[in-house]
Amino acid sequence: MIHDQESRDTLVRALSGEGAHVEVKTALDGVTWTRAGARPHGIPKSIFQIVNHLIFWNAWVVDWLDGADPPIPQQDSDSWPGAVGPASADEWEAAAARLGDLADALAQHAREDDLRSTRLSLGAPKSRATMLHTIASHNSYHLGQIVLVRRIVGAWPPPGGGLTW
């Protein structure tokens, strides 16, 4: 449970990527729409597919935090919407912007919500703090995949710089 400002701040940093993993904007900085749809040999998902998966779950959690009861996908593949690659630069830029907006919304919830309040999710009570920690971990995992794909294709660090270890 989140009981103090230091813990709340740690959660906000985990959601934004600060000090925990790469930030969304940094992970996607310099990725062209054609590269976003590429799948190097042996890599199961493109950057675009990973971004759409992140959008799906981040939007799901934002909806849940906003009081909705979003449906749970029947199977894993239902949380991987869209094509392997974007059809245009505009589609790619819209997806990247949407993911950034959702990351901002999650951080805002972490700053302002009563993080101890609970709601049902999958038939069990979950606190807002638990849900935010879960999505922060999920995001960290998949942002790491994006960085790995970029490293494999020689596109890391991004133009704006980034950690390379």
Next item on the list: Drop me the distance from Gln108's CD to Asp101's CG, to the nearest 0.5 angstrom.
Entry: 12.5 Å
Note to self: Rounded to the nearest 0.5 Å, what separates atom NE2 in His109 from atom CD1 in Ile135?
What the structure shows: 12.5 Å
Margin query: Between Val149 and Trp156, is there a side-chain heavy-atom distance shorter than 4.5 Å?
Written below: no
Next item on the list: Flag yes if more than 12 heavy atoms outside Arg98 fall under 6.0 Å of its CZ atom; otherwise flag no.
Entry: no
Notebook entry, point to check: Do Ile50 and Trp33 belong together in a cluster built from hydrophobic side chains that touch within less than 4.5 Å?
Noted result: yes
Margin query: Testing the basics here: between Ala95 and Asn52, what is the closest heavy-atom pair and its distance to 0.1 Å?
Written below: CB-OD1, 4.4 Å
Next item on the list: Is it possible for you to say whether Leu148 and Tyr141 belong to one hydrophobic cluster, with membership spreading through side-chain heavy-atom contacts below 4.5 Å?
Entry: no
Notebook entry, point to check: Step by step, would you call Thr10 with Arg13 a side chain to side chain donor-acceptor pair (under 3.5 Å)?
Noted result: CA-CA 5 Å; Thr10 299; Arg13 284 191 302 277; 3.2 Å; yes
Notebook entry, point to check: Taking atom CG of Leu106 and atom CG of Asn139, what is their separation to the nearest 0.5 Å?
Noted result: 7.0 Å
Checklist line | Worked verdict on Leu65 versus Leu132 for side-chain contact (heavy atoms from CB on, under 4.5 Å) | finding: CA-CA 9 Å; Leu65 291 167; Leu132 287 163; 3.7 Å; yes
Note to self: I need the minimum non-hydrogen distance between Arg8 and Arg111, along with the two atoms involved.
What the structure shows: NH1-O, 3.3 Å
Notebook entry, point to check: Do the side chains of Val12 and Leu54 join up, straight or via other hydrophobic residues, at under 4.5 Å, putting them in one cluster?
Noted result: no
Note to self: Working to the nearest 0.5 angstrom, can you tell me the gap between Arg128 CZ and His133 NE2?
What the structure shows: 14.0 Å
Note to self: Is the shortest side-chain heavy-atom distance between Arg39 and Gln49 below 4.5 Å?
What the structure shows: yes
Notebook entry, point to check: Do the rings of Trp57 and His138 sit parallel, tilted or perpendicular, given the 30° and 60° boundaries?
Noted result: perpendicular
Notebook entry, point to check: Same cluster for Phe56 and Leu143 if Ile/Leu/Val/Met/Phe/Trp/Tyr side chains link at under 4.5 Å?
Noted result: yes
Note to self: Between Asn58 and Val62, is there a side-chain heavy-atom distance shorter than 4.5 Å?
What the structure shows: no
Checklist line | Aromatic ring pairing Trp64/Trp60, orientation class (parallel under 30°, perpendicular over 60°, tilted between) | finding: parallel
Next item on the list: Over all heavy atoms of both residues, which pair between Ala38 and Ser46 is shortest? Give the atoms and the distance, please.
Entry: O-CB, 3.4 Å
Checklist line | Which atom of Ala27 lies closest to which atom of Ile146, heavy atoms considered | finding: O-CG2, 3.8 Å
Notebook entry, point to check: For Ala68, does its backbone N or O pair with a side-chain atom of Arg119 as donor and acceptor, under 3.5 Å?
Noted result: yes
Notebook entry, point to check: Counting only N and O atoms by type, is there a donor-acceptor contact under 3.5 Å from the side chain of Asp113 to the main-chain atoms of Leu115?
Noted result: no
Margin query: Tell me if a side-chain donor or acceptor on Thr130 pairs with a main-chain N or O of Lys126 at a distance below 3.5 Å.
Written below: no
Note to self: For Lys25, I'd like to know if atom NZ has over 12 heavy atoms of other residues, nucleotides or ligands within 6.0 Å.
What the structure shows: no
Item checked: Note, Ser127 side chain near Arg116 side chain (heavy atom, < 4.5 Å) -> no
Next item on the list: Indicate if Val147 and Ile152 have the same hydrophobic cluster label, given that clusters are the connected sets of ILVMFWY residues with side-chain heavy-atom separations under 4.5 angstrom.
Entry: yes
Margin query: On a heavy-atom basis, which atom in Leu28 and which in Ala96 lie closest, and how many Å separate them?
Written below: CD1-CB, 3.8 Å
Check: Are Trp92 and Thr34 side-chain neighbours, meaning at least one heavy-atom pair lies under 4.5 Å?
Finding: no
Notebook entry, point to check: Do the side chains of Arg150 and Ile47 get nearer than 4.5 Å, heavy atoms only?
Noted result: yes
Check: Do you know the tightest heavy-atom contact between Leu102 and Ile55?
Finding: CD1-O, 3.7 Å
Notebook entry, point to check: Between Ser7 and Asp4, is any side-chain donor less than 3.5 angstrom from a side-chain acceptor?
Noted result: yes
Next item on the list: Applying side-chain contact (heavy atoms from CB on, under 4.5 Å), run through His53 and His142 and close with a yes or a no.
Entry: CA-CA 9 Å; His53 177 72; His142 287 297; 3.4 Å; yes
